[in-house]
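Worksheet: one structure, shown below.
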Amino acid sequence: MGKYNHSEIESKWQKIWEDNGTFKAEINHDKPKFYGLVEFPYPSGAGMHVGHIKAYSGLEVVSRKRRLEGYNVLFPIGFDAYGLPTENTAIKTGVHPRIVTDNNIKKFTSQLKRVGFSFDWDRVVDTTDEGYYKWTQWIFLKMFENGLVFRDKTLVNYCPSCKVVLSNEDSQGGKCDICHTDIVQKTKEVWYLRITEYADKLLDGLKEVDYLPNIKLQQENWIGRSTGAFVNFKIAEQDETLRIYTTRPDTLYGVTFMVIAPEHPIIEKYKDSIANYADLENYKTECAKKSEFERTQLVKDKTGVKIDGLTAINPVTGKQIPIYISDYVMMGYGTGAIMAVPAHDTRDYDFAKKFGIDIIEVIKGGDISKEAYTGDGEMVNSDILNGITYKKEAIEKILKILEEKGVGEKGVQYKMKDWAFNRQRYWGEPIPIVHCPDCGMVAVPYEELPLRLPPVDNFQPGSDGESPLAKIDSFVNCKCPKCGKDAKRETDTMPQWAGSSWYFLRYCDPKNSEALASKEALEYWMPVDWYNGGMEHVTRHLIYSRFWHKFLYDIGEVNTPEPYAKRTAQGLILGPDGVKMSKSRGNVIDPNDVVDEYGADVLRVYVLFMGDYEQAAPWSESSMKGCKRFLDRLWALQDMLVDGDEYRPEMMSSMHKTIKKVSGDIESMAFNTAIAALMTLINKIYEIGSVNRAEYKTFITLLNPFAPHITEEIYELCKFGGMLNEQKWPSYDEKLCIDDTIEIVVQINGKVKSKINIPADMEQAEVLAVAKADENIVKACEGKTVVKEIYVKGRLVNIVVK
RNA sequence: GCCGGUGUGGUGGAAUUGGCAGACGCGCCGGACUCAAAAUCCGGUGGUAGCGAUACCGUGCGGGUUCGACCCCCGCCACCGGCACCA
């Protein structure tokens, strides 16, 4: 036996796989298909991270197992290459983002190939490739056509000195972070995708898919559906109603005031009848200066101003109540106005206390002189609702009354907001819209796609906060596709999340120039059977891509309502110091170094063995050496090999048990225990001192998905015939997993006192007899009476004595 | 504040979901091989007491249910993640 030389063996097999096209996926209706998807990387300049290796190794093992099980497997990879880090590198180094991206992709590709992942390299997609982003733009236009794209004016922070739009973080304290000039509020038009229209579909679709429970929960919370009621309050002084949203219409009799957002349009509308309009304006300006952070930190100290000139009328009591403006009510949720029930809402309570407003109890159970009571209880002070104790009943009853009176109805609200979709940056997909002075927003005709990102020398953002594209006259100036007059192109680009919202569809047919993918390919491969990725994408990419997919389903472009049948997530790899790996901390492990020193197989086995796949675990080089030792021991088995094409009796149950354990554990992503089972098996072989050919072949087949290079090499050296990746996944027989004799634990009062060996098929009465005859048990029972005897088949006997 | 997760030896983590707590790996201790070291192989390894068979203690803390609890129930604590004045 030669020495195990990992670098030689690994490059040898990687070349063979590449030359043979081993992992190329082709449509084949004779085989069941399996589409395994991992999140394609953002090709950063830093290169790959061991975290990438762990993220891909999970489904890599599943995919290789599926092939051995006879599936036709699609396991693709690509690059999500548009984005800010690349653009910033370009600005800093003066190298064009196209070149930066190409270099980074090259680097990532070589790193991925060195690990021996079984990706189909013929299907690589690059979101910045014009053959790809043509279809990203195409989908955008389809959405535009279907009314899911709109523009809206919103208030943004703007520095008049720097002439730049600032984020809240850049404008703390109401001053520009750079020049300390006072920030002004400026209205700017922004592109939106109407994702809220799909809120219910995104929510309902979760019932059909197999996602980890916490992933579903996070998405549900993010969408944040709440049911309640809209209620219209008449304004006493005007022919006007103020509409509010509430989840607690049952507390309507406890309403003592109303609050509207500082930006609520009713103020502007009646400014001539509002005596303290100037005060309200001042308050609004103050609020606009506050950062998000301040707005959420000052929760307890409520602020606000009473509107002098507008009074509301409670629709059920007819009582007149004051209206306040306060920043604890947001314009972006509900109607931007609330009915305040201080007795039963903590925020309203704080506000009422501060402003000396009446607090009326309508639900018994708390002490409203001390705090708001938000629990359930008997209704009081509520006219016809009095005496009701079930919230649901009270809500139904009041809703009926509101509907009869025509002053309110059932309603639904979502926390999720529409998707602000444009960025003032260069390195992204150009938004294919033309602004025509006569026709307004006009779509670029489909046949003109892709709308190419023009090559530029200067991709620095403009000083006025405009996209660098705005400076390129040849790009900006165009003819209106509708009327032919002079028009201007939109110069903003799409956000990073656009390209990744449909890449899994492109993998099905990556080179198609007629469609985003052919119907045939989509019908064969979709949906993705198993998608694995990071938790950080659950409420971003995972929601966005489900939204795009559901839209494409609605317009008949794809055949499944959900893109992913199953979704799992891997845990982080922490640095050796137990903290998240980061460049600044200097605890990053480079996979290249590990491959050089230990080999790809060791790296692959280790990232899956280091702990629970879904949990974060710290890197440990010495622990990785254990995996190296394991593979060395496997290699050394070649010297212990004996003939035999059936498992030997002494190995029989171990073999079958291990096949069962490894097969099941891979399916539940319990890779660590699957590897542990193989380690246990090798320990057993060392104990016996030999392994026969049948046993060895099964062993390397089970390990093949984890350590494909060394197992292929052993397979070849042992002349088993053909290649390992073409063999069948081993099967097991449940009956043979059981040993002839089994060890039973004998307990007295739940404490282990002895162990007995019995034939596996022994009857209960006999087992109990044997157990009671055991000398330790006889001794322990002396002078006591047996109260109860319990036998758990194949496990234990418990004798209860007094 | 709300939602979710985690808590087990010196250490990373197991435990077929109510049935031998600590699989497997690391580390450590001892032995073999070696002039020696490394590598490898064999054995040991939760704590306390005991030469020992063995006994007692032990899964963040305090209760409970059960013949039996890391697992289920009630009440706490700590750490991690997400959302956060969402009406």
Side-chain angles (χ1 to χ4, degrees), chain A residues 213-215 217-218 220-222 224-226 228-229 244-248 251 258-259 261 292 295-302 326-330 332-341 345-348 350-351 413-417 535-536 538-539 571-572 574 578 580 605-606 609-612 614-627 629-630 632-633 636 657 660-661 664-665 670 672-683 686-687 743-755 776 787-801:
Chain A
N214 55 332
I215 294 179
L217 222 100
Q218 263 195 46
E220 278 165 14
N221 290 342
W222 184 260
R225 185 188 149 106
S226 92
I244 62 96
Y245 175 73
T246 178
T247 54
R248 296 295 304 274
T251 60
M258 298 187 78
V259 186
E292 277 300 314
R295 270 183 96 146
T296 53
Q297 286 305 300
L298 301 167
V299 172
K300 273 160 255 150
D301 191 25
K302 294 277 181 290
S326 174
D327 63 354
Y328 85 89
V329 173
M330 313 287 153
Y333 185 81
T335 61
I338 63 160
M339 61 178 219
V341 187
D345 180 286
T346 47
R347 296 152 304 180
D348 298 346
D350 293 342
F351 193 89
Q413 281 296 308
Y414 304 92
K415 282 190 204 173
M416 189 170 64
K417 307 247 169 72
M535 280 308 287
E536 70 274 18
V538 166
T539 50
L572 291 176
L574 307 174
K580 197 174 162 177
V605 169
Y606 176 60
F609 181 67
M610 61 196 299
D612 182 339
E614 288 167 21
Q615 237 33 64
W619 186 266
S620 156
E621 180 149 356
S622 61
S623 196
M624 184 171 59
K625 282 181 182 158
C627 295
R629 205 167 288 161
F630 168 56
D632 284 341
R633 278 158 71 84
K657 265 192 257 182
K660 181 181 177 182
K661 178 81 178 149
D665 281 357
N672 53 340
T673 51
I675 295 165
L678 289 165
M679 289 173 168
T680 307
L681 185 62
I682 209 169
N683 288 344
Y686 270 73
E687 197 184 298
E743 194 182 65
I744 297 277
V745 168
V746 186
Q747 299 179 331
I748 300 287
N749 293 344
K751 297 206 166 180
V752 181
K753 292 289 170 184
S754 186
K755 291 173 185 183
N776 285 344
V787 182
K788 204 170 175 183
E789 291 166 357
I790 293 137
Y791 174 52
V792 182
K793 197 170 184 313
R795 291 194 195 282
L796 62 71
V797 168
N798 188 15
I799 297 167
V800 186
V801 296

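The structure displayed is predicted, hence computed values, not measured ones. Just so we're on the same page: letters track the sequence lines, and every chain starts at 1.
- The separation between Leu574(A) atom CG and rU6(B) atom C1' is 13 Å, rounded to whole Å.
- Closest-nucleotide positions on RNA chain B for Arg633(A) and Asn221(A) were compared, and the one nearer the 5' end corresponds to Asn221(A).
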| Worked verdict on Ile215(A) versus Met535(A) for side-chain contact (heavy atoms from CB on, under 4.5 Å) | CA-CA 8 Å; Ile215(A) 294 179; Met535(A) 280 308 287; 3.9 Å; yes
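- Between rA39(B) and Arg629(A), no contact under 4.0 Å exists linking OP1 or OP2 to a side-chain N or O.
- Among rC26(B), rC41(B), rG4(B), the nucleotide with an atom closest to any side-chain atom of Tyr686(A) is rC41(B).
- We find that OH of Tyr328(A) is positioned 8 Å from C1' of rA87(B), with the value rounded to whole Å.
- Residue contacts shown for Ser622(A) are limited to sugar-phosphate atoms, with no base heavy atom under 4.0 Å away.
- Proximity of Tyr245(A) to the phosphate of rA87(B): no side-chain N or O atom is located under 4.0 Å from OP1 or OP2.
- Partner assigned to rC83(B) is rG1(B), using Watson-Crick or G-U wobble distances below 3.5 angstrom.
- Among the protein residues, Lys753(A) comes within range of the sugar-phosphate backbone only, with heavy atoms under 4.0 Å from sugar or phosphate atoms but none that close to a base.
- rU8(B) and rG1(B) have their P atoms separated by 25 Å, with the value rounded to a whole Å.
- If you check distances only, the side chain of Lys415(A) never reaches the base of rC83(B) with a donor-acceptor pair under 3.5 Å.
- Between the P atoms of rA36(B) and rG25(B), the separation comes to 29 Å (whole Å).
- Minimum heavy-atom separation, Val801(A) to Asn749(A): N-OD1, 2.9 Å.
- Separation of the P atoms belonging to rC61(B) and rG9(B) is 10 Å when rounded to the nearest angstrom.
- In this entry rG9(B) has no Watson-Crick or G-U wobble partner, no candidate having both defining distances under 3.5 Å.
- Going from atom CD1 of Ile682(A) over to atom P of rC42(B) covers 11 Å, rounded to whole Å.
- Nucleotide rG5(B) holds its C1' atom 10 Å from the CE atom of Met535(A), rounded to whole Å.
- The gap from the C1' atom of rC71(B) to that of rU11(B) amounts to 24 Å, rounded to the nearest Å.
- Summarising the geometry, the separation between CG on Leu572(A) and P on rU6(B) is reported as 16 Å, rounded to the nearest angstrom.
- Using a 4.5 Å heavy-atom threshold, the side chains of Arg248(A) and Val341(A) count as separate.
- The aromatic rings of Tyr245(A) and Tyr333(A) sit perpendicular to each other, their planes meeting at more than 60°, with 30° as the lower class boundary.
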| said: Under the criterion side-chain contact (heavy atoms from CB on, under 4.5 Å), I'd like the reasoning laid out for Ile675(A) against Tyr606(A): C-alpha separation, chi angles, the key distance, then a yes or no. | reply: CA-CA 9 Å; Ile675(A) 295 165; Tyr606(A) 176 60; over 6 Å; no
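- Nucleotides rG12(B) and rG4(B) place their P atoms 27 Å apart, quoted to the nearest Å.
- Side-chain proximity of Trp222(A) to the nucleotides rC85(B), rC83(B), rA87(B) is greatest for rC83(B).
- Using P as the reference atom, rA23(B) and rG10(B) are 14 Å apart when rounded to the nearest Å.
- In this structure, Ile675(A) atom CD1 and rC26(B) atom P are separated by 13 Å, rounded to whole Å.
- In this structure, CG of Asp665(A) is placed 15 Å from P of rC24(B), rounded to the nearest angstrom.
- The CD atom of Glu789(A) sits 11 Å away from the C1' atom of rC67(B) (whole-angstrom rounding).
- The glycosidic torsion of rG43(B) lies more than 90° away from 0, placing the base in the anti range.
- When every heavy atom of Ile338(A) is checked against every heavy atom of Asp348(A), the shortest pair comes out as CD1-OD1, 3.6 Å.
- With values rounded to the nearest 0.5 angstrom, Leu796(A) atom CG is found 9.0 Å from Tyr791(A) atom OH.
- Taking the P atoms as reference points, rG81(B) lies 26 Å from rA87(B), given to the whole Å.
- Glycosidic conformation of rU17(B): syn, with the torsion inside 90° of 0.
- Between Lys625(A) and rU40(B), a side-chain N or O to OP1/OP2 separation shorter than 4.0 Å is absent.
- Taking atom C1' in both rG22(B) and rA14(B), one finds a spacing of 7 Å when rounded to whole Å.
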| task | Summarise how protein sits on nucleotides 12-22 of chain B as a single string, 5' to 3': B when a protein heavy atom is under 4.0 Å from the base, S for sugar-phosphate-only contact, - for no contact. | result | SSS-B--BB--
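- Between Asn221(A) and Lys415(A), the shortest heavy-atom contact is O-CD, 4.1 Å.
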| Residues Thr251(A), Met339(A); criterion side-chain contact (heavy atoms from CB on, under 4.5 Å); working and verdict | CA-CA 10 Å; Thr251(A) 60; Met339(A) 61 178 219; 3.8 Å; yes
